[in-house]
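Encoded as structure tokens, the structure appears first; notes follow it.
Residue indices begin at 1 and follow the sequence shown.
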Amino acid sequence: MFSVLPAIDLTHGRLGMYTPEGPQPIDAFDGDPLTAADAFARAGARWLHVVDMDLAFTGDPENEDVVAAIREAHPDVALQCSGGVRDRATVASMIAAGAARVVMGSAALAQKEALAAIIDEFGDRVLIGIEIAHGRIRSRGSDPVDRDLMTELGWLTAAGARGFLVTALARVGSAEGPDVDVIKRVTRAGVPTIAAGGIASLADLHAVRTSGAAGAVVGLAALDGSLDLREAFAWAQLH
């Protein structure tokens, strides 16, 4: 079944959004991540994508208490947590806080042996984040990354990676639709892939699915209500 994951991006315990200048607070749901999680759960969410933007941009995890609070309030909703995760300790800490899955940040690709060991230890509880700009792997966080996409996909697949989260950076925070070409390049590796960036409609979800992805993260369109989540979740259950 195709998965639709509403995103809850966090900065200093509140809802935020990514900008080129760094995380910025937003007014949706009065900035309260628990209110957003409640709304998404009531609409039928089975997964939530929770991003610690402070960890990504400063290296300091500041939002694990929010993850734990969401998990306690909604034990039937699985949490996929991310935010520039670089090491095993952070993976373990996020899982302890309530994450069902943790997304490794693109910066972790530089440490092949350590990342391969994490993949081996945690299996399908770890996804590999692949942020794409201009056809190459880049990053939004504090650690600059510029790596060849196909080279990285090759060794990650050989290392037994169980899943990828591919983000089209140019589409983040927009309603421009998914980058289908990027999604297809990643899904050809034969590893289950979730796509993010610009996904804002049922047509976009259909395009992501037909590109070979197993799921989609919905950000702005979930927060501003422009995508009917009940309709999206109902559609996903049929696909």
**OP:** Specify the closest pair of heavy atoms between V51 and G83, including all atoms of both residues, with the distance to one decimal.
**Re:** CG1-CA, 4.2 Å
Subject >> Note: R138-E131 ion pair, threshold 4.0 Å (strictly below) >> reply: no
**OP:** Kindly indicate, with the supporting measurements, whether the criterion ring pair (Phe, Tyr, Trp, His ring centres under 6.0 Å) is fulfilled by F2 and F233.
**Re:** CA-CA 9 Å; F2 191 83; F233 295 141; over 10 Å; no
Subject >> Minimum heavy-atom distance between L165 and H49, given as atom pair plus value >> reply: CD2-CE1, 3.6 Å
Original post:
Is R101 close enough and on-axis enough to W47, meaning under 6.0 Å and within 45°, for cation-pi?
Top reply: yes
**OP:** Evaluate the side-chain proximity of L34 to I70: yes if any heavy-atom separation is below 4.5 Å, no if none is.
**Re:** yes
Original post:
Between I194 and L127, is any pair of side-chain heavy atoms under 4.5 Å apart?
Top reply: yes
Original post:
Hey, are the side chains of T210 and V180 touching, using non-hydrogen atoms and a 4.5 Å cut-off?
Top reply: no
Original post:
Quick one: does I199's side chain get under 4.5 Å of L205's, heavy atoms only?
Top reply: yes
Subject >> Closest non-hydrogen atom pair between S106 and S139, with its separation >> reply: CB-CB, 4.3 Å
**OP:** Would you give the length of the straight line joining atom CG of L220 to atom CG of D9, rounded to the nearest 0.5 angstrom?
**Re:** 10.5 Å
Original post:
Within the side chain of R42, is there an N or O that forms a donor-acceptor pair under 3.5 Å with the backbone of A37?
Top reply: no
**OP:** Could you tell me whether the side chain of D148 and the main chain of T151 form a donor-acceptor pair under 3.5 Å?
**Re:** yes
Subject >> Minimum side-chain heavy-atom gap V126-M104 below 4.5 Å >> reply: yes
Subject >> Atom pair CD1 (I119) and CZ (R125), whose distance is rounded to the nearest 0.5 Å >> reply: 15.5 Å
Original post:
Counting distance only, does the side-chain N/O of R46 pair as donor-acceptor with the main-chain N or O of G44 below 3.5 Å?
Top reply: no
Original post:
Between E62 and L55, is any pair of side-chain heavy atoms under 4.5 Å apart?
Top reply: no
**OP:** Calculate, to the nearest 0.5 Å, the distance between atoms CG and CG belonging to D30 and L15 respectively.
**Re:** 9.5 Å
Original post:
Between T187 (side chain) and I183 (backbone), is there a donor-acceptor pair under 3.5 Å?
Top reply: yes
**OP:** State whether the number of non-hydrogen atoms from other residues, nucleotides or ligands found under 6.0 Å of H239 atom NE2 is greater than 12.
**Re:** yes
Subject >> Closest non-hydrogen atom pair between F164 and A189, with its separation >> reply: CE1-CB, 4.3 Å
Original post:
In Å, rounded to the nearest 0.5 Å, how long is the span from CD of Q80 to OG of S3?
Top reply: 9.0 Å
Original post:
NZ/K112 to CD/E152 distance, rounded to the nearest 0.5 angstrom?
Top reply: 5.5 Å
Subject >> Partners meeting salt bridge (Lys or Arg N to Asp or Glu O under 4.0 Å) with R136 (sequence neighbours left out) >> reply: D146
Subject >> Shortest non-hydrogen contact from R171 toward G177 >> reply: NH1-O, 2.7 Å
Subject >> Q24-T11 side chain donor-acceptor pair, cut-off 3.5 Å >> reply: no
**OP:** Could you tell me whether the side chain of I137 reaches within less than 4.5 Å of the side chain of L109, counting heavy atoms only?
**Re:** yes
Original post:
Any donor and acceptor pair, going by atom type alone, linking the side chain of D54 with main-chain N or O of H12 inside 3.5 Å?
Top reply: yes
Subject >> Closest contact, heavy atoms only, I128 versus A161 >> reply: CG1-CB, 4.1 Å
Original post:
Are more than 12 heavy atoms from other residues, nucleotides or ligands located less than 6.0 Å from atom CZ of R147?
Top reply: yes
Subject >> N/O donor-acceptor pair under 3.5 Å between T19 side chain and M17 backbone >> reply: no
Original post:
Is there a donor-acceptor pair closer than 3.5 Å between any side-chain N or O of S174 and the backbone N or O of E176?
Top reply: yes
Original post:
What is the distance from atom CD1 of I130 to atom CG of L149, rounded to the nearest 0.5 Å?
Top reply: 6.5 Å
Original post:
Would you say L156 and L115 make side-chain contact, with heavy atoms under 4.5 Å?
Top reply: yes
Original post:
Does a donor on one side chain and an acceptor on the other come within less than 3.5 Å for D38 and H74?
Top reply: yes
